[in-house]
Amino acid sequence: MAQPLTPELREALTERIRFYRDLGLTDFYRRPVELGAADPDSETGEEPSTQQQTPTAPNQPNFFGEEPAIPARKGFAAPPQVGAVVAPAERAAALQLIREDIGECTRCALHKGRHTIVFADGSPAARLMFVGEGPGADEDAQGLPFVGRAGQLLNNMITAMGLRREEVYIANVVKCRPPGNRTPEPDEANTCSPFLFRQIDVVRPQVIVALGATAATNLLGQRQPLANWRGRVHAFRGSQLIVTYHPAFLLRDPRQKKEAWADLQIAMRELGLKAPAKG
Ligand code: SF4
């Protein structure tokens, strides 16, 4: 059934369009679907997924032991479109423009507790991008993503792939630290993630590795147990997206490092990388 256009819904739509215009997104279209109807074509503007949303099988482990906290993106008013290709020489400036657009952002409640906006780290010409959930205390203090213990583990993962941290690009779904390192609320993630989409469109990495359920859910626009996302290559905004565990989770449960390495090997295969020889 179509959802009636109530004054509240009209106001919400207007506010959302205003927000996207703030981000520089001005081309909108209306899809012929009923609002609120199941819509496999998520707000990311990607090809419709052919995958069914299947619950975790009874004997299939859900390593997080919990449902991802970010719900599916519903078809709303204006999905962020994939941006025009930015020439490699102009990517640093284009990223700087996005950072300037963010400014001293107060668009969501996370601004209240942050010390520093954590934009990104790494090469604007990276072939590989990592996307995490949000800054923690160390990141909030230093203004860089993945610089605490989880960041050290991510550095080790990057080294194991035969790369250096300076060669990849690292960003998060939200750019301000959630209080107490809680999972970002859906409205916070949805408010901040268009900046991430713009960063992805500028960098145009060949491969994106989503670290954890929050990153996977926000990028792929569907709520699924992490186990359902792993082990496959997903098409996303012109990149190949692979899902693995967040390094903070691996610190809590090191037994899953083997599984994470299997995921990284999928990324390496897509990049044509071979693991460096040991010793
Ligand atoms: Fe702005 Fe993102 Fe920070 Fe929210 S998390 S205040 S949208 S920069």
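Both counts, for ligands and for their atoms, begin at 1 and track the order of listing.
Annotation: ring pair (Phe, Tyr, Trp, His ring centres under 6.0 Å) contacts of F130 (sequence neighbours excluded): none.
Follow the hydrophobic side-chain contacts under 4.5 Å out from L144 and you never reach I102; the two are in separate clusters.
With a cut-off of 2.8 Å, atom 1 (Fe) of ligand 1 has no N, O or S atom of C108 in range. Among the backbone and side-chain atoms of C176, none of the N, O or S atoms lies under 2.8 Å from atom 4 (Fe) of ligand 1.
Evaluated by nearest non-hydrogen atom to atom 1 (Fe) of ligand 1, the leading choice among G134, A189, C105 is C105.
Which parts of ligand 1 touch R114 is read off a 4.0 Å heavy-atom cut-off, strictly below it: atoms 3 (Fe), 6 (S).
Legend: side chain to side chain donor-acceptor pair (under 3.5 Å) pairs involving residues 136-148, not counting sequence neighbours, sorted by first then second residue: H115-D140.
No part of E188 comes within 4.0 Å of ligand 1, judged by heavy-atom distances.
Between F236 and F197, the two ring planes are tilted [angle within 30° to 60°].
Within a 6.0 Å sphere centred on CZ of R255, other residues, nucleotides and ligands contribute 12 heavy atoms or fewer.
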